[in-house]
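The structure appears below as structure tokens.
By convention in this document, chain letters (A, B, ...) are assigned in the order of the sequence lines, proteins followed by strands, and residues within each chain are numbered from 1. The structure presented is a predicted model; accordingly, all values stated were derived computationally and were not measured.
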2 protein chains.
Amino acid sequence: MTGASIDLGQVHDAAAARLRVADQRYTSGRRELVELLASTGRPATIPDLLEARPKLTQSSVYRNLAMLEEVGVVQKVVSSDDRARFELAEDLMGHHHHLICVSCGRVDDFVVSSRAERSIETVLGNAISDTGFRASGHRLDVVGTCADCN
Amino acid sequence: MTGASIDLGQVHDAAAARLRVADQRYTSGRRELVELLASTGRPATIPDLLEARPKLTQSSVYRNLAMLEEVGVVQKVVSSDDRARFELAEDLMGHHHHLICVSCGRVDDFVVSSRAERSIETVLGNAISDTGFRASGHRLDVVGTCADCN
DNA sequence: GCTCGGAATGGGAACAGTTCTCGTTGGGCG
DNA sequence: CGCCCAACGAGAACTGTTCCCATTCCGAGC
């Protein structure tokens, strides 16, 4: 169900390039974060990341995620609990949506057909055309309870 | 653009009834919150509410919003900034979507045609049918920059 | 290979939003 | 009229996140 796995080398190259534009280095800590997020297949919380790589420290993870978000390598995802979650940016991961469990806060990815995406875009474009709002994208999340929470 | 205004009396009746089921009173503070949320037409932050009704106190607003959420009268909305926003529950407000400004965090409501809603529901139903996830609804938000933020 | 300068790091303090605590208030019922 | 307990108000406590600063690391130039 989770889309075809992505090319890690390509992701690293893109991350390095985007950081370089901002005069930032692609350090080992940042590389680890990107690698983790690329392999998880689901938005991760900071505790998730710290647990997966105990060598990482909290303040650096926060700082590096903020930097990676700023240069467009990762993006923040909000769920129903109060921890931020992070995933690779859409242009690295592919456009997708989230299943948000209101019971445990877990977030999973899913995709819909590109035809369905186009019709959603059209509907949204019509709906907001007279609001002065400039859309940069959409978030279509399904809320409910995950299989584990039954 | 904001849908037809809702029947305030009906909202109060529903709120009172849902609280009563949970052995809770519909106190003046709670009534004020419901009234504010019904009149705002856009999800409100706690500071918004405190400013609109200086008589309300912060701790009571938090406590009462939590209670009203628990009995299904209001719901929490997350935006891009880190303040929670609240609006009346969907069955009191009508189903709608949000325009989320990534620059200032402001959130506005908009609606799409019921035909479009049905097709979205169908698409989502197909996409998650084999995940074990039980959907209770969806959130379709448009992110971008509002007219004020240009 | 060595040194220097600036970027990144790590640990902890500071901060903001939210939740909890507890003594007080007040509405409803006997 | 008085009792009881839910709700209130003020502030303390808590939690996730951000900031600070001394130390470490990396890369460029010698």
Side-chain angles (χ1 to χ4, degrees), chain A residues 12 15-36 43-71 73-87 104-107, chain B residues 12 15-36 43-51 53-71 73-86 104-107:
Chain A
H12 279 312
R18 290 174 198 189
L19 284 167
R20 202 176 317 118
V21 168
D23 275 310
Q24 295 288 320
R25 298 175 187 161
Y26 197 29
T27 61
S28 65
R30 292 171 182 180
R31 198 177 308 257
E32 292 231 49
L33 286 175
V34 168
E35 210 138 317
L36 271 174
T45 64
I46 275 89
D48 288 344
L49 298 168
L50 291 174
E51 188 182 359
R53 291 285 189 285
K55 297 282 286 297
L56 298 177
T57 61
Q58 187 176 263
S59 57
S60 294
V61 169
Y62 274 108
R63 183 162 9 86
N64 285 332
L65 286 173
M67 175 51 65
L68 289 169
E69 184 180 24
E70 193 175 318
V71 302
V73 174
V74 309
Q75 63 192 53
K76 200 184 292 193
V77 177
V78 291
S79 134
S80 56
D81 59 8
D82 49 8
R83 297 192 204 83
R85 285 155 199 273
F86 292 85
E87 65 183 4
C104 68
R106 169 173 163 152
V107 180
Chain B
H12 279 311
R18 290 174 198 188
L19 285 167
R20 203 175 316 119
V21 168
D23 275 308
Q24 295 287 321
R25 300 178 187 159
Y26 196 30
T27 61
S28 64
R30 292 172 181 180
R31 197 178 308 258
E32 292 230 50
L33 287 175
V34 168
E35 211 139 317
L36 272 173
T45 64
I46 274 88
D48 288 343
L49 298 169
L50 292 174
E51 189 182 1
R53 291 284 189 285
K55 295 282 285 299
L56 298 177
T57 61
Q58 191 180 53
S59 57
S60 293
V61 169
Y62 274 106
R63 181 158 12 86
N64 285 331
L65 285 174
M67 174 52 62
L68 288 168
E69 186 179 23
E70 194 175 317
V71 301
V73 174
V74 309
Q75 64 192 51
K76 200 184 291 195
V77 177
V78 292
S79 139
S80 54
D81 60 8
D82 50 7
R83 294 190 204 82
R85 285 155 201 270
F86 292 86
C104 69
R106 169 173 162 151
V107 180

Mind listing the side-chain donor-acceptor pairs of residues 55-64 of chain B below 3.5 Å, one per line with the distance, residues two or more places apart or on another chain?
residue	atom	partner	partner atom	Å
B:T57	OG1	B:S60	OG	3.2
B:N64	OD1	B:R30	NE	2.8
B:N64	OD1	B:R30	NH2	3.4
B:N64	ND2	B:S60	O	3.2

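- In this structure, A:I46 and A:F86 have side chains that are in contact, with non-hydrogen atoms separated by less than 4.5 Å.
- In this structure B:V71 satisfies the side chain to side chain contact (heavy atoms under 4.5 Å, CB included) test together with B:R18, B:L19, B:A22, B:M67, B:V73, sequence neighbours excluded.
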ask   = What one-letter contact string describes nucleotides 2-9 of chain C from 5' to 3', where B marks a base within less than 4.0 Å of any protein heavy atom, S marks contact via sugar-phosphate atoms alone, and - marks no contact?
value = ----BSSB
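- Under the side chain to side chain contact (heavy atoms under 4.5 Å, CB included) criterion, B:R25 pairs with B:T27, not counting sequence neighbours.
- For A:S79, the side chain to side chain contact (heavy atoms under 4.5 Å, CB included) test picks out A:D81, A:R85, A:I100, A:V107, with sequence neighbours left out.
- Under the rule for a side-chain hydrogen bond (donor to acceptor under 3.5 Å, both in side chains), the partners of A:R53 that lie at least two apart in sequence or sit in another chain are A:E32.
- A:Q75 and A:E87 form a side-chain donor-acceptor contact under 3.5 Å, judged by distance and modelled atom types alone.
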Please list each protein N or O that sits under 3.5 Å from an N or O in nucleotides 17-19 of chain C, with the distance.
residue	atom	partner	partner atom	Å
C:dT18	OP1	B:A84	N	2.9
C:dT18	OP2	B:Y62	OH	2.4
C:dT18	O5'	B:Y62	OH	3.3

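- Among residues two or more places apart in sequence or in another chain, the side chain to side chain contact (heavy atoms under 4.5 Å, CB included) test is passed with A:E51 by none.
- By the side-chain hydrogen bond (donor to acceptor under 3.5 Å, both in side chains) test, A:E35 is found to be paired with A:H12, residues two or more places apart in sequence or in another chain being considered.
- Counting 5' to 3', DNA chain D first comes under 4.0 angstrom of a heavy atom of chain A and last does so at the ends given by D:dG16 to D:dC19.
- Of all the heavy atoms in A:Y26 and A:R31, the pair that sits closest is O-NH2, 3.2 Å.
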